[in-house]
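Beneath this line is the structure, given in structure tokens, with notes to follow.
Only heavy atoms go into these numbers, but all of them, side chains included; no hydrogens, no water, no symmetry mates.
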Amino acid sequence: MFVRSLFGITFLLLCALSVNAQSNSAPSFPSDRTAPPPSRDALGSPEQELLDRAVIRSEEASHRESLERAKEGALLGAELRETFKNQKTLGREALKKLERLEKLARGIRSRAGGSDDDDILENPPRDLETALARLAELSAELRKHVEKTSRHVVSTAVIEQSNELIELVRIIRTFTP
């Protein structure tokens, strides 16, 4: 009798262990399977998320800065053209604006991924009035391109226009005493 009860208890324990093992294992039908929750490693660490957000904020701030530079550059280009139309010369203030415009164009080019480029302008302007008109048009076009360009894109048009604007400033300096 003792052997039979020991055998019965052992049998019940094996059945209980078998049921428990089946409930912990994956379901037998594919349609019943659910994806396990992602592990902490798959989501990334909180520190990495903070770093990623900081990078995004920095890129957004840099893009806003480029937009502001382009707006200021377009304004300066128009002001320089108007100053020359009214005075027929470029004074000290206008030369400072020209220098500021060159600095803005360099900043935009750098933000867009460009570097120093010594390209020579095709069809350079022959006089100061034509050069300033072209400068105003180009700075307005550059503003439009910067506004259209996402912070995720490297725009060759922005880089080329910035280079052209910088070269145009150099040419204008040769016209002024």
Side-chain angles (χ1 to χ4, degrees), residues 38-177:
S39 68
R40 183 177 175 103
D41 293 336
L43 294 176
S45 68
E47 296 85 9
Q48 185 62 45
E49 184 176 340
L50 287 174
L51 289 173
D52 291 345
R53 286 184 182 182
V55 167
I56 291 169
R57 280 193 301 270
S58 173
E59 289 175 352
E60 288 172 346
S62 179
H63 185 65
R64 278 192 305 275
E65 186 177 316
S66 287
L67 289 170
E68 291 170 12
R69 285 179 178 159
K71 288 177 185 177
E72 184 180 351
L75 181 66
L76 288 173
E79 286 177 4
L80 286 166
R81 180 177 53 195
E82 287 303 312
T83 299
F84 185 77
K85 277 184 180 179
N86 295 334
Q87 299 175 359
K88 298 296 181 198
T89 187
L90 293 180
R92 183 179 300 169
E93 283 299 313
L95 292 176
K96 286 182 182 180
K97 287 180 182 181
L98 193 63
E99 185 178 321
R100 175 70 180 152
L101 180 59
E102 181 180 16
K103 185 176 180 180
L104 292 169
R106 288 182 186 279
I108 291 168
R109 179 184 64 188
S110 175
R111 161 67 181 89
S115 61
D116 287 340
D117 194 7
D118 294 328
D119 285 344
I120 297 174
L121 278 181
E122 294 178 19
N123 303 323
R126 303 272 184 230
D127 58 49
L128 187 56
E129 186 174 4
T130 307
L132 289 169
R134 189 166 167 188
L135 182 81
E137 290 171 14
L138 188 59
S139 60
E141 286 178 28
L142 180 60
R143 175 185 178 180
K144 289 176 187 173
H145 274 90
V146 170
E147 287 174 346
K148 289 179 185 177
T149 304
S150 161
R151 69 180 172 88
H152 302 288
V153 175
V154 174
S155 173
T156 57
V158 169
I159 294 169
E160 288 172 359
Q161 286 187 327
S162 297
N163 284 335
E164 187 175 343
L165 192 62
I166 293 166
E167 183 61 26
L168 202 51
V169 168
R170 289 180 191 157
I171 291 171
I172 291 171
R173 283 194 184 120
T174 64
F175 291 131
T176 57

Can you name the nearest heavy-atom pair linking [X] to [Y], along with the distance?
{"X": "A131", "Y": "F175", "result": "CB-CE1, 4.1 Å"}
{"X": "A74", "Y": "A140", "result": "CB-CA, 4.1 Å"}
{"X": "I159", "Y": "G113", "result": "CD1-C, 3.9 Å"}
{"X": "I108", "Y": "S162", "result": "CG2-OG, 3.7 Å"}
{"X": "L165", "Y": "A105", "result": "CD2-CB, 3.7 Å"}
{"X": "H63", "Y": "S150", "result": "CE1-C, 4.0 Å"}

Quiz item: So do the side chains of P125 and L168 get within less than 4.5 Å of each other, counting heavy atoms only?
Solution: yes

Self-check item: Side chain to side chain, V158 and R109, heavy atoms closer than 4.5 Å
Solution: no

Only pairs at least two apart or in different chains count here, so list each salt bridge (charged side-chain N to carboxylate O under 4.0 Å, His left out) that has a residue in [range].
{"range": "residues 86-95", "value": "none"}
{"range": "residues 127-137", "value": "R134-E164"}
{"range": "residues 68-80", "value": "E65-R69, E72-R100, E79-K97"}

Can you tell me how far the [atom1] atom of [X] sits from the [atom2] atom of [Y], to the nearest 0.5 Å?
{"X": "L80", "Y": "L98", "atom1": "CG", "atom2": "CG", "result": "6.0 Å"}
{"X": "F84", "Y": "L128", "atom1": "CZ", "atom2": "CG", "result": "4.0 Å"}
{"X": "K148", "Y": "S155", "atom1": "NZ", "atom2": "OG", "result": "10.5 Å"}
{"X": "R126", "Y": "I171", "atom1": "CZ", "atom2": "CD1", "result": "9.5 Å"}
{"X": "L67", "Y": "R111", "atom1": "CG", "atom2": "CZ", "result": "9.0 Å"}
{"X": "Q48", "Y": "L51", "atom1": "CD", "atom2": "CG", "result": "5.5 Å"}

Exercise. Test Q161 against every option in R143, K144, H145 by the side chain to side chain donor-acceptor pair (under 3.5 Å) rule and name the one that passes.
Key: H145

Quiz prompt | Backbone N/O of R106 and side chain of S110: donor-acceptor pair under 3.5 Å | solution = no

Quiz item: Is a donor on one side and an acceptor on the other found under 3.5 Å between the side chain of S139 and the backbone of L135?
Solution: yes

Self-check item: R53/E49 ion pair, N-O < 4.0 Å
Solution: yes

Quiz prompt | Criterion side-chain contact (heavy atoms from CB on, under 4.5 Å) on T83 and T89, from CA distance to verdict | solution = CA-CA 8 Å; T83 299; T89 187; over 6 Å; no

Quiz item: Does a side chain donor of either N163 or E167 reach within less than 3.5 Å of an acceptor in the other side chain?
Solution: no

Quiz item: Around atom CD of E99, are there more than 12 heavy atoms of other residues, nucleotides or ligands at under 6.0 Å?
Solution: no

Practice problem: Tell me, with the steps shown, if L142 and L138 meet side-chain contact (heavy atoms from CB on, under 4.5 Å). | Solution: CA-CA 6 Å; L142 180 60; L138 188 59; 5.7 Å; no

